[in-house]
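Proteins come first, then strands; the chains are lettered A, B, ... in the order of their sequence lines, and each starts at number 1.
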2 protein chains.
Amino acid sequence: MSASLLEIRLFVASFEERSFTLAAQREHATQSGVSQHVKSLEERLGAALFMRQKGGIEPTPAGRAYYQKCLEVLHAHAAAAQAVRPFARAPEASLTIGLMPSLTRCATAPALARFLDLYPNVSIHIVEGYSGTLTRMTRAGELDFSIVPAFAGMEGLGQKHFLKTPELLVASARAQLPRVLSLSDYAPLRLVMPGAANTRRQSIETYCAMTGASIARIIELDAMFGTLDFVARTDWLTILPAVMMGDKLGPDLCAARMEDPSLELDLVQIEPARKPLLPEAAAFALLLQEEAHRTSALWDA
Amino acid sequence: MSASLLEIRLFVASFEERSFTLAAQREHATQSGVSQHVKSLEERLGAALFMRQKGGIEPTPAGRAYYQKCLEVLHAHAAAAQAVRPFARAPEASLTIGLMPSLTRCATAPALARFLDLYPNVSIHIVEGYSGTLTRMTRAGELDFSIVPAFAGMEGLGQKHFLKTPELLVASARAQLPRVLSLSDYAPLRLVMPGAANTRRQSIETYCAMTGASIARIIELDAMFGTLDFVARTDWLTILPAVMMGDKLGPDLCAARMEDPSLELDLVQIEPARKPLLPEAAAFALLLQEEAHRTSALWDA
DNA sequence: TGGGCAGCATCAGAAAAACGGATGAGCCAT
DNA sequence: ATGGCTCATCCGTTTTTCTGATGCTGCCCA
């Protein structure tokens, strides 16, 4: 008679994954089942939702319109379940949150400590990862929310601003950097950089070009511990967000704000569009934002 | 894993009907099934939604909270189905609308004629009835919307103002009523009135008491044709809304506005809270409102 | 040009869920 | 007490859903 929630979930997953096969994986079903459900949904609605073609599917206008409304249905459905949770026998929650390494180094621990005091019954799981991974996991509903660098947005994700933090030039303590500097004074640069897949890589390169700081040589190192250790032991430089450094420079490193102009990193909080944030998750996000802001602010003045 | 739409529908019906048995009838299911579904829903949510007691059920606070959210889910779900309708193969709609006799006498036919021109593909079904019937049918989802006298509201119904129309004193043409009069001048009244179940009955009695118009005798007649015929043939009086009379007094009747103070009837448009109004239904409501307003306005000046 | 591959569709048997009649227990008014 | 009302529970039947195998298509690469 009318579309079931299962059909809607499978349709939404298919829409976002642009694939029945991937949708099936994500929803722990089989490709066969997804195909059948979408088909029966289309028959019931009397309109095609996808065009089947060249090794994949492409939403029709009807599919796009339906998708937007289905998001609201799923959102309302999840919100309904949340509404009774305070009355439930065991109102414990379980959070899974994705954070970039920049955030886990300094800001996470104090936020976590405060959170554990405030919410003794909430079990929490923090996943560290780079933006691509976190974005994918968040959209698939595996994470309650993530903090990632601002990006162009993506279907199935809600996002809001989380923090603006300055990027710092980081060097071995021997370099004795001043507290503020112009990057071009240190050119030609020998930089330890994240790989091309990392969102920050692009903006760092743009910044170097803009300030006229030529780059002599690059190492790609997608490992934060390794980057810091390498910079401490050599005279290579790297660029890292202030929220990552905080007051934990240690004896082997020094760092400096870059001016004229400054380079800043925008972080956003993303969550699956099809379910509302748990109140506990919102609370943790707020604590984390406070700590991140505090950490980053050490480099403001 | 998660509440199905079927469970939600059955829960909503149970909540509104305050009964599993009635909910089962309304949703074309059995009491047994409703009981089982609600139970499994409660187990999944970990909270009781109803208290089972003395020959019936009573929602718990959790049930009330959940109900509100479930309405949003069903509403969103119906809206999603509507969103694809323009793309569907056969985008015809079918309307069922409930109207009071006051509206069907003059205002409906012209509205219907205009509507049929504008929407050739929409099949329409108009049910005439008194407010109790129409309200119940609307809440049960059997009617897309109804026009009924304003009332205290009811769970599961959305309502908005439709028309304010003056009540008229109606008599045989022989009475030669002036165009405007004070009801008390015609006391002691012999009135043809609707039965106590009718919403208007109460307000007419209140009005008579307020204006000091004593009532000599009452006939209860819940039949509009019968009322008009009886009044035309005798010297009994009745009180009817202007929107019902329009310019169709005929040779045997006369009518007059009552002043100091005037008595007016408020009509509201009600619809099931769990689904959005079809665009076609909204269009018809608008046409009907225009015609009703025009009809009623004949008695304004 | 012809495998190999990846994607969706289809089918039919197996598994799961929903259904619904019968029955029971509690409550209330007669 | 008793009849009538409610909801809960049980269990055999029916219906739906799920899945794995297979088929079909178009793409990529040798």
Counting primed atoms, P, OP1 and OP2 as sugar-phosphate and everything else as base, the B/S/- map of nucleotides 4-23 of chain D against protein heavy atoms under 4.0 Å is --SBBBB-------SBB---

Could you list the donor-acceptor pairs under 3.5 angstrom formed by side chains in residues 138-145 of chain A, with sequence neighbours left out?
from     : atom 1 : to       : atom 2 : distance (Å)
A:Thr138 : OG1    : A:Leu134 : O      : 2.6
A:Thr138 : OG1    : A:Ser146 : OG     : 2.7
A:Arg139 : NH1    : A:Glu16  : O      : 3.1
A:Arg139 : NH2    : A:Glu17  : OE1    : 3.2
A:Arg139 : NH2    : A:Glu17  : OE2    : 3.4
A:Asp144 : OD2    : A:Thr96  : N      : 2.8

For residues 147-162 of chain A, which side-chain N or O atoms pair as donor and acceptor with protein atoms under 3.5 Å away, sequence neighbours left out?
from     : atom 1 : to       : atom 2 : distance (Å)
A:Glu155 : OE1    : A:Arg18  : NH2    : 3.3
A:His161 : NE2    : A:Asp266 : OD1    : 3.1

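With sequence neighbours excluded, the residues satisfying side-chain hydrogen bond (donor to acceptor under 3.5 Å, both in side chains) with B:Glu128 are B:Thr104. When the side-chain hydrogen bond (donor to acceptor under 3.5 Å, both in side chains) test is applied to B:Gln82, no partner is found at least two apart in sequence or on another chain. For B:Ser40, the side chain to side chain contact (heavy atoms under 4.5 Å, CB included) partners are B:Glu7, B:Arg44, not counting sequence neighbours. Shown here are the ring-ring contact (aromatic ring centres under 6.0 Å, His included) partners of B:Tyr207, two or more places apart in sequence or in another chain: there are none. Not counting sequence neighbours, the partners of B:Tyr67 by the ring-ring contact (aromatic ring centres under 6.0 Å, His included) test are B:Phe15.
Using a 4.0 Å cutoff to heavy atoms of chain A, the contacted part of DNA chain C runs 5' to 3' from C:dG7 to C:dC11.
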